[in-house]
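See below for the structure under consideration.
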Amino acid sequence: MVKNAKKGTNFSKAGLLWKSIERQAEVQLGLVRLNKDVTLRILNNKPNEFLEANRFDFTKNMKEFMKTVVTMDSEKLEYFIFRVYDCYLRELNFINERNSQFSIDILFQVIETLTVEKESIQSVEGYFSASNQESISRADMENILNHMKAYNFMSIQFKKINNLKRCVELSDQIILKAATLNPMVSILSLDNMYSLILAQNILSSKYGIRNLLSGWMEEYGFTEEQAIRILPLFPSDSSLNEFRSVYTKAIQTLGQKVDPINKDMDLFMMRSICNYFTSWLNRVANQLPAVA
């Protein structure tokens, strides 16, 4: 078994390989027709041929296994298997490489930098090319952008469905659709994203921005007098599901201030609100069962 470091949840390698197959467009289009239970049984019974195999052996064995369930020529099938193998490796690498694991904090870091430093940074790409981000390679930048796109896509699905119970029932479909559209993002990472979005919606059904600010002041020891310039930037009747847009508008308002002393302190307070919000989401998300 392999373990998702974020949640401590176990996933079988066969399960990860199955999800790497299932997410491919050819499966969604019916060009590859596999039974999940039969496939999992075969993968588990022949780990050396599939789960632990190198690319060459994996391709050879998978071509033999799939020859009766595909309607593609040999070249297209081989290309399909190559992509499956790459996805499977990403799943395994995700577990061992913390840098590849999605963090919601990056969303708010990008929002802040694009807003506060909009004179010099005009795009998300510009954010990662800025002088204070020199340690981030082009590959890292593309990886973060891919994760942000997937997160935004799943957030939109929750809004479209607009029913929390239904979103839970459709969790597999939501994650699978996101996986098919975002092939460079691991299923395990998408599972984490789904849990964060679900956590936000659960919290939003019980609490609002006013509860968030109250908890934040208690956590950081701020009084209303100390936070007097910040509190009006967050409408007290706003939903937690609106936090991202409310935070963006608040950062924009803050960016128009000219007093450097107050501006720096206000920015510090804004960051602490964001940190409190994301830690709240993570605490709830970590209590949810894995859906991958």
Side-chain angles (χ1 to χ4, degrees), residues 2 4 6 11-34 36 39-40 43 50-51 53-56 58-59 61-63 65-66 69-104 106-107 124-125 128 136-158 160 170-197 290-292:
V2 291
N4 179 339
K6 178 177 180 292
F11 298 89
S12 71
K13 287 186 176 181
L16 294 179
L17 179 50
W18 165 254
K19 290 182 177 298
S20 299
I21 296 171
E22 182 186 37
R23 72 186 300 174
Q24 303 302 323
E26 290 87 343
V27 177
Q28 304 302 308
L29 294 172
L31 299 177
V32 177
R33 303 175 302 280
L34 289 172
K36 178 180 179 179
T39 302
L40 286 172
L43 296 178
F50 300 105
L51 306 180
N54 60 36
R55 184 183 293 273
F56 177 82
F58 179 91
T59 302
N61 297 330
M62 193 61 76
K63 284 181 73 173
F65 170 59
M66 289 188 167
V69 297
V70 300
T71 55
M72 293 182 285
D73 59 39
S74 179
E75 184 177 345
K76 290 182 179 179
L77 175 58
E78 190 165 299
Y79 178 57
F80 167 81
I81 294 172
F82 280 179
R83 283 186 280 115
V84 168
Y85 187 75
D86 286 339
C87 283
Y88 177 58
L89 289 184
R90 278 196 293 274
E91 299 297 336
L92 298 181
N93 289 337
F94 175 90
I95 299 161
N96 298 317
E97 297 180 7
R98 295 190 62 84
N99 289 339
S100 68
Q101 297 183 15
F102 175 77
S103 169
I104 192 173
I106 192 65
L107 293 175
V124 175
E125 289 84 353
F128 294 109
I136 297 182
S137 67
R138 181 70 186 178
D140 289 336
M141 182 190 79
E142 291 177 353
N143 182 49
I144 294 172
L145 290 175
N146 286 330
H147 280 70
M148 289 177 64
K149 290 175 183 176
Y151 185 88
N152 289 337
F153 172 81
M154 281 202 285
S155 294
I156 291 172
Q157 302 313 300
F158 269 73
K160 285 182 177 180
L170 295 175
S171 61
D172 288 342
Q173 291 92 319
I174 293 172
I175 293 173
L176 180 57
K177 188 172 183 179
T180 304
L181 294 174
N182 300 275
M184 301 306 294
V185 180
S186 75
I187 288 287
L188 294 178
S189 187
L190 293 170
D191 173 54
N192 286 348
M193 293 182 196
Y194 175 90
S195 295
L196 286 167
I197 298 168
V291 292

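Excluded from the calculations below are hydrogen atoms, water molecules and symmetry mates; all remaining heavy atoms, backbone and side chain alike, are included. When a residue number appears, it is its place in the shown sequence, counting from 1. Note that the structure is a prediction, hence the values are computed from the model and not measured.
Nearest heavy-atom pair across Leu190 and Ala150 is CD2-CB, 3.7 Å.
To the nearest 0.5 Å, atoms CD1 (Ile187) and CD1 (Ile175) are separated by 7.0 Å. Rounding to the nearest 0.5 Å places CD of Gln157 at 5.0 Å from NZ of Lys160. Rounding to the nearest 0.5 angstrom, the gap separating the CD1 atom in Ile197 from the OG atom in Ser171 is 12.0 Å. If you take NZ on Lys177 and CG on Leu170, they are separated by 11.0 Å, rounding to the nearest 0.5 Å. One distance of note links CE of Met193 with CD1 of Ile174; it measures 14.0 Å at 0.5 Å rounding. Distance check, rounded to the nearest 0.5 Å: CD of Gln28 to CG of Leu181 gives 9.5 Å.
Not one N or O on the side chain of Glu22 forms a donor-acceptor pair closer than 3.5 Å with the backbone of Leu176. Of the possible donor and acceptor atoms, none in the side chain of Arg90 sits under 3.5 Å from a partner among the backbone N and O of Ser20. Judged by distance alone, with hydrogens and angles left aside, the side-chain atoms of Tyr88 form a donor-acceptor pair with the main-chain N or O of Leu51 at under 3.5 Å. In this structure a side-chain-to-backbone donor-acceptor pair under 3.5 Å is present from Asn152 to Met148. A distance-only check finds a donor-acceptor pair linking the side chain of Arg23 to the backbone of Asn182 [under 3.5 Å].
Because its NZ or CZ atom is both nearer than 6.0 Å to the ring centre of Tyr79 and within 45° of the ring axis, Arg83 counts as a cation-pi partner of that residue.
Using a 4.5 Å heavy-atom threshold, the side chains of Val27 and Ile21 count as touching. Taking the side chain as every heavy atom from C-beta outward, Phe80 and Leu77 approach each other to under 4.5 Å. Put simply, the side chain of Phe153 does not reach to within 4.5 Å of the side chain of Val185, judged on heavy atoms. Looking at Glu91 and Lys19, their side chains never come closer than 4.5 Å, going by heavy atoms from C-beta outward. Taking the side chain as every heavy atom from C-beta outward, Phe58 and Leu17 approach each other to under 4.5 Å. Residues Phe50 and Lys13 have side chains not in contact (no heavy-atom distance under 4.5 Å, counting atoms from C-beta outward).
Shown here are the ring pair (Phe, Tyr, Trp, His ring centres under 6.0 Å) partners of Phe158, two or more places apart in sequence or in another chain: Tyr194. Partners of Lys36 by side chain to side chain contact (heavy atoms under 4.5 Å, CB included), not counting sequence neighbours, listed by chain and number: Trp18, Leu40.
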